[in-house]
Amino acid sequence: MPKLSVIVPFRNVRQYAPDALRSLRANARPDFEFVLVDDGSQDDTPVLVERAAEELSRVARVCFLRRERAGGIATARNAGLDAAEGAYLTFLDGDDWYAPGYLPRLVAAAEELGCDFLRTDHVRVTGRARTVRRVPVGLRDEVLDPREVILPADRTTAVDYPQAWAGVYHRRLLERGLLHFPDGLRTAEDRPWIWRLHREAESFAVVGLLGVFYRKGVASSLTRVGDERQLDFVPAFDRVVAQTAEDRDADRLLPKAVRTYCAVIDRHLAERDKFEPAVAARLRAVCGDALRRLPRDVLDEVLDSMDAGRAARLRRLRRLRRAPLRAGRGAA
């Protein structure tokens, strides 16, 4: 069994893939496994990845998977998880990279602490600017209960730091069914993932280890593309709310899930100019429907606790109803 499996999905990242692949080489060990997944790229990315896989196989174990049809980041990661054989697992996106020697240090920290998963800080890269982003948990290098850092509802907490690549995960979580992502989600796939991890895993820790470089503002990234794929945050958070409502601590945790959903809805609406016009119009409709699906008593409590401007916007949106179809237009 490899000590560590690194799952790296690629899609149309020809410009950036060489940085990711070179960083894997700078972290390679014979007991490491790199699971490289091309998710239906339409450029030269698969050629670059396959060539790099041959070179990496001289210094580490390599598995190259090529999906002819794109399924999205969640589906690509799941394919990598199904193929991975490591005792520990982690992720990297195909347009990001690692610092040299980062992965050996990450595995050493995981083995020393012995918990289900570790979370790490990361470096956000925007052009030439570098910004350190910290896990919103104060205690470092100490094993904690993952459920106990979900709250408070009105503060940024561990579930608001969902990036799967900022950490490492013991294989027992995979065997318990806690590492797969909601299949088919093209964005916000890590939101229900991180909530489930914190509700159901038994132990975790945060370590002050910098070594993941996240490239922000890539033109092909879904955070920049204003098409309908961005609307997947709605089914993602619907899943968060539904699963949290069934939790044994639903009374305590559900207000946090609903408040976060409301904040994300408000943020997307504030950025609606980045969406294609038809998608921007649909955004308001699906967000209004989402608010009406939320538990009324919990939502009222959450809105009462939010700042007045944001609460008023969300209440107006909740009251709006989709206009009925006129006869002869849009009817089947």
Side-chain angles (χ1 to χ4, degrees), residues 1-111 117-118 120 122-123 125 163-171 174 179-181 209-215 218 220-221:
M1 176 182 289
K3 178 68 69 175
L4 173 72
S5 292
V6 184
I7 297 159
V8 192
F10 298 86
R11 174 165 166 78
N12 296 337
V13 287
R14 176 180 57 185
Q15 180 180 356
Y16 306 110
D19 290 341
L21 294 164
R22 279 193 295 268
S23 78
L24 296 181
R25 179 63 184 261
N27 280 272
R29 281 188 352 195
D31 59 344
F32 285 1
E33 175 186 53
F34 300 124
V35 183
L36 313 178
V37 184
D38 182 78
D39 188 37
S41 291
Q42 297 174 322
D43 61 7
D44 293 337
T45 299
V47 176
L48 296 175
V49 175
E50 188 169 20
R51 185 183 306 138
E54 294 177 3
E55 297 175 357
L56 280 169
S57 65
R58 301 169 189 164
V59 291
R61 185 170 178 171
V62 179
C63 175
F64 176 46
L65 307 175
R66 186 170 183 182
R67 298 174 52 82
E68 293 299 325
R69 187 173 181 179
I73 186 74
T75 301
R77 284 179 180 160
N78 288 344
L81 285 168
D82 290 340
E85 298 184 4
Y88 292 92
L89 304 102
T90 191
F91 305 91
L92 180 71
D93 287 352
D95 50 7
D96 301 334
W97 73 93
Y98 291 133
Y102 167 72
L103 291 178
R105 295 194 296 273
L106 184 65
V107 170
E111 291 183 316
F117 66 100
L118 295 185
T120 69
H122 71 274
V123 180
V125 180
Q163 297 87 350
W165 35 257
V168 64
Y169 313 92
H170 197 281
R171 187 173 189 84
L174 181 64
L179 288 189
H180 280 78
F181 296 82
L209 180 61
L210 279 176
V212 184
F213 290 79
Y214 162 62
R215 203 186 301 266
V218 175
S220 61
S221 170

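Just so you know, residue 1 is the first one in the sequence shown, and it goes up from there. This one's a predicted model, so the numbers in the text were calculated from it and none came from an experiment.
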For this session: Show your working on salt bridge (Lys or Arg N to Asp or Glu O under 4.0 Å) between Asp93 and Arg11 and close with a plain yes or no.
Result: CA-CA 9 Å; Asp93 287 352; Arg11 174 165 166 78; over 6 Å; no
For this session: Go through the steps to decide whether Glu85 and Arg61 satisfy the test salt bridge (Lys or Arg N to Asp or Glu O under 4.0 Å), and finish with yes or no.
Result: CA-CA 10 Å; Glu85 298 184 4; Arg61 185 170 178 171; 2.6 Å; yes
Exercise. Run the ring pair (Phe, Tyr, Trp, His ring centres under 6.0 Å) check on Phe10 and Tyr16 step by step: do they pass?
Worked result: CA-CA 10 Å; Phe10 298 86; Tyr16 306 110; over 10 Å; no
Exercise. After noting the C-alpha distance and the side-chain angles of Arg14 and Asp44, does the key distance pass the salt bridge (Lys or Arg N to Asp or Glu O under 4.0 Å) rule?
Worked result: CA-CA 6 Å; Arg14 176 180 57 185; Asp44 293 337; 3.3 Å; yes
Seminar exercise, completed: Heavy atoms of Leu36 and Val62 approach each other most closely as CD1-CG1, 4.2 Å
Exercise. Does a donor on one side chain sit under 3.5 Å from an acceptor on the other, for Thr75 and Asn78?
Worked result: no
Exercise. Between OH of Tyr169 and CG of Leu89, what distance do you get to the nearest 0.5 Å?
Worked result: 10.0 Å
Problem set entry | Stepwise side-chain hydrogen bond (donor to acceptor under 3.5 Å, both in side chains) test for Asp96 and His122 | CA-CA 11 Å; Asp96 301 334; His122 71 274; over 6 Å; no
Exercise. Given side chains that start at C-beta, do those of Ser5 and Phe32 come closer than 4.5 Å, heavy atoms only?
Worked result: no
Problem set entry | Leu92 versus Pro9, closest heavy-atom pair with distance | O-CD, 3.2 Å
Problem set entry | Criterion salt bridge (Lys or Arg N to Asp or Glu O under 4.0 Å) on Glu111 and Lys3, from CA distance to verdict | CA-CA 10 Å; Glu111 291 183 316; Lys3 178 68 69 175; 2.6 Å; yes
For this session: Please check if the distance between the ring centroids of Tyr88 and Phe117 is under 6.0 Å.
Result: no
For this session: Take Leu210 and Thr120 through the test side chain to side chain contact (heavy atoms under 4.5 Å, CB included) and record every step on the way to the result.
Result: CA-CA 7 Å; Leu210 279 176; Thr120 69; over 6 Å; no
